[in-house]
Amino acid sequence: MIDLAQLRREPDFVKAALARRGVSHETMDAILELDSRHRRLLQEAESLRAQVKDLSRQVGEARRVKADDAAESLSTNSREIGERERVASEASDLVAADLRARLLMIPNLPSRETPDGLDESANVEVRRWWLGMDEGADFPTFMAHQRVAHWETARELGILDLEAGAKLAGSMFPLYRGDGSRLLRALSFFALDRHRDSYEEIRPPSVALTETMMSTGHLPKSADDMYEVPRDDLWLIPTAEVPLTSMHRGEILDEAVLPIRLTALTACFRREAGAAGRDTRGLLRVHEFDKVELFAYCTPDQAEAAHADILARAEGLLRELGLTYRVLELCAGDLGTSAARTIDLEVYSPGVDKWLEVSSVSWFRDFQARRANVRFRSARGTQFVHTVNGSALAWARVWAALVETYRQADGTVRLPEVLAPYFGDLTIRSKP
RNA sequence: GGAGGGAUGACAGAGCGGCCGAAUGUACCGGUCUUGAAAACCGGCGUGGGCUUGCCCACCGUGGGUUCAAAUCCCACUCCCUCCGCCA
């Protein structure tokens, strides 16, 4: 949630920032108008309530000295004012609810680093990396045997059964088998081990309450993108960011414990509403995938370094795996609701000849902390923490890129050496 | 699923209709004392909101209700603890 006080204090600045991501000035003016109406009604209600409290005190006093007539007339008076207070409060609450509902729909202010632009075409490519680049090698030329889509290779090798997944849960719910399933597990274990030095591993629930979804900004805006369990007021998590952000919901943390760095492996569920038919073959876009997430609660001063660390770790994994990737600075119009700044990592998948998003590293400033009410106490008083997070990494697409990149001329897949401790024999062959 | 107990400030723990936003202790911060520290003593010490910046309002698990007045009474819900049942 954006800071209402800031909107009041510097409306032009906030409106200009939000205009960069398509929020109209009229929308913000309506909020300011509601805010001032709310404050007027609130003042009225509060002053009436102050009168009721004062009279009630006098009633008590009168009773004590046995002045029953006085007590009776004071309490009648108080009852009448109480009626008016009730009316004023209801009016105030109504406006407050409207104001809050609108405020929850407003996205975060883009950071200074975020370039202008209304959609993904305006994202800025920051750099590319490929194996050997650091030694001066040119962008790789992929061989014909690497130009085979992962779903073809996977069928030949028997490591992915999309038909079976569709039978069980519908299309875009993949079922991995044999070495395909082992590869998935190897990747998660590999990543979690790499983060052990400074991130505490968490295994959160895979479902979250509506209230929890509100904290990260996934609700109310993105309800259509998520799976709901209405009977229990639960939602399947679209990312570990959801539970991790709410771990300290409502708490005031000691400055000394920050930054709190967490990592979690979870399944992620996404309905992908509105994306039907777009890049949906194989593992390009699926409803359920495993992801290792990195997350930090930090002070505003620590946020930049925490963001950079997550990005470096996500990139580090891709480099260790020897995959070709590029780094994109998202433009204002392509940012997620809660993000002030986001850097995406896209891996190059030679078989399908596409760049696939495998990580999104975001800085939320205090937007989520304000919603989740996570603060910290310091010498300068109590303030909201900053949250940052990023995938390291989302495995379905990495799995696809690995199978395509490391496909050999003989049709087998030879995985990179770093996976040896997690996978054993690195060659995936078709089983007789 | 059934029965009972509980939820109060950073923590422990009183209060059970009327100056209670809340006793007391611990922790924490400042001061006195001390060569220094500890102890002792003195003072301070929740969060958020509104406006005339001094005052007002809200918050005692959550949401309703009763009352002139609710941390205190009533109802519902959530979570925690104990016991019984069931179960991977």
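Letters go in sequence order (proteins before strands), and every chain restarts at 1.
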Atom CG of A/Leu209 and atom P of B/C79: how far apart are they, to the nearest Å?
9 Å
Between B/G61 and B/G15, how far is it from one P atom to the other, in whole Å?
15 Å
In whole angstroms, the gap separating P of B/G63 from CG of A/Asp233 amounts to 16 Å
Hey, does A/Tyr176 have a side-chain heavy atom less than 4.5 Å from the side chain of A/Leu283?
yes
With a 4.5 Å heavy-atom cut-off, do A/Leu335 and A/Asn108 have their side chains touching?
no
By nearest nucleotide on RNA chain B, pick out whichever of A/Arg8 and A/Leu55 is the more 5' one.
A/Arg8
What integer distance in Å separates A/Glu255:CD from B/A10:P?
17 Å
Heavy atoms from C-beta onward define the side chain here; which of B/G48, B/A10, B/C57 lies closest to that of A/Lys53?
B/C57
Considering only atom P, compute the distance from B/U82 to B/A76 and round it to an integer number of Å.
25 Å
Just checking A/Arg370: base, sugar-phosphate only, or nothing, at a heavy-atom cut-off of under 4.0 Å?
nothing
Across all strands, who's sitting opposite B/C83 as a Watson-Crick or G-U wobble pair, both distances under 3.5 Å?
B/G2
Quick one, A/Arg194 and A/Arg313 - any side-chain contact, counting heavy atoms below 4.5 Å?
no
Residue pair A/Thr239 / A/His218, side-chain heavy-atom distance below 4.5 Å
yes
Look at all strands and tell whether A/Thr76 reaches a base, only sugar-phosphate, or nothing, counting heavy atoms closer than 4.0 Å.
nothing
Could you give the distance separating B/G18 and B/A69 at their P atoms, to the nearest angstrom?
14 Å
Side-chain touch A/Ser111/A/Arg365, heavy atoms, less than 4.5 angstrom
yes
Can you figure out which of B/C68, B/A58, B/G48 approaches the side chain of A/Ser56 most closely?
B/C68
note: A/Asn77, atom CG; B/A69, atom P; distance rounded to Å ~ 12 Å
Can you tell me the base-pairing partner of B/C11? Count Watson-Crick or G-U wobble geometry only, both distances below 3.5 Å, and say none if there is no partner.
B/G25
Quick note, A/Arg79 side chain, CB onward, closest among B/G49, B/C68, B/C56 is B/C68
Go nucleotide by nucleotide along RNA chain B from the 5' end; which of A/Arg39 and A/Ser47 gets its closest nucleotide reached first?
A/Arg39
A/Asp232 CG to B/C79 C1': how many Å, rounded?
16 Å
Nearest-Å distance once atom C1' is located in both B/A7 and B/G13
13 Å
Nearest-Å distance for atom pair CD/P, residues A/Glu83 and B/U67:
10 Å
note: A/Arg37, atom CZ; B/G50, atom P; distance rounded to Å ~ 17 Å
Watson-Crick or G-U wobble partner of B/C20, both distances under 3.5 Å
none
Do NZ/NE/NH1/NH2 and the carboxylate oxygens of A/Glu156 and A/Arg407 come within less than 4.0 Å?
yes
Could you work out which one of B/G65, B/G48, B/C56 sits closest to the side chain of A/Arg86?
B/G65
Taking atom P in both B/G1 and B/G9, compute the distance separating them and give it to the nearest angstrom.
29 Å
Out of B/G18, B/C51, B/G48, minimum distance to the side chain of A/Arg375 belongs to B/G48
Scan every strand shown for a Watson-Crick or G-U wobble partner of B/U53, both distances under 3.5 Å, and answer none if you come up empty.
none
Determine the Euclidean distance between corresponding P atoms of B/A37 and B/C81; express it in Å to zero decimal places.
45 Å
Using Watson-Crick geometry (N1-N3 plus N6-O4 or O6-N4) or G-U wobble (N1-O2, O6-N3), each under 3.5 Å, B/A88 is paired with none
Would you measure the distance from the C1' atom in B/U72 across to the matching atom in B/G17 and give it in whole Å?
6 Å
As a test of reading the structure: which of B/G50, B/U47, B/C56 is closest to the side chain of A/Ala50, going by heavy atoms?
B/C56
Need the pair for B/A40. Rule: Watson-Crick or G-U wobble, both distances under 3.5 Å, any strand; none if unpaired.
B/U32
G-U wobble or Watson-Crick pairing nucleotide for B/C73 (cut-off 3.5 Å, both distances):
B/G65
From the options B/G48, B/G18, B/G49, select the nucleotide whose nearest atom is closest to the side chain of A/Arg64.
B/G18
Name the closest nucleotide to the A/Arg63 side chain, picking from B/C57, B/G18, B/A10.
B/G18
Candidates B/U47, B/G50, B/C57 - which lies nearest the side chain of A/Arg49
B/C57
The single option from A/Thr405, A/Leu393, A/Leu323 passing side chain to side chain contact (heavy atoms under 4.5 Å, CB included) against A/Val347:
A/Leu323
Closest to the A/Arg377 side chain: B/G18, B/G50, B/A10?
B/A10
Using whole Å, what does the distance between atom P of nucleotide B/G48 and atom CD of A/Glu46 come to?
16 Å
If we call it a pair only when both distances are under 3.5 Å in a Watson-Crick or G-U wobble match, what pairs with B/A58?
B/U47
Lys/Arg-Asp/Glu bridge criterion (N-O < 4.0 Å) met for A/Glu417, A/Arg414:
yes
How far does the P atom of B/A38 sit from the matching atom of B/A71, given to the nearest Å?
41 Å
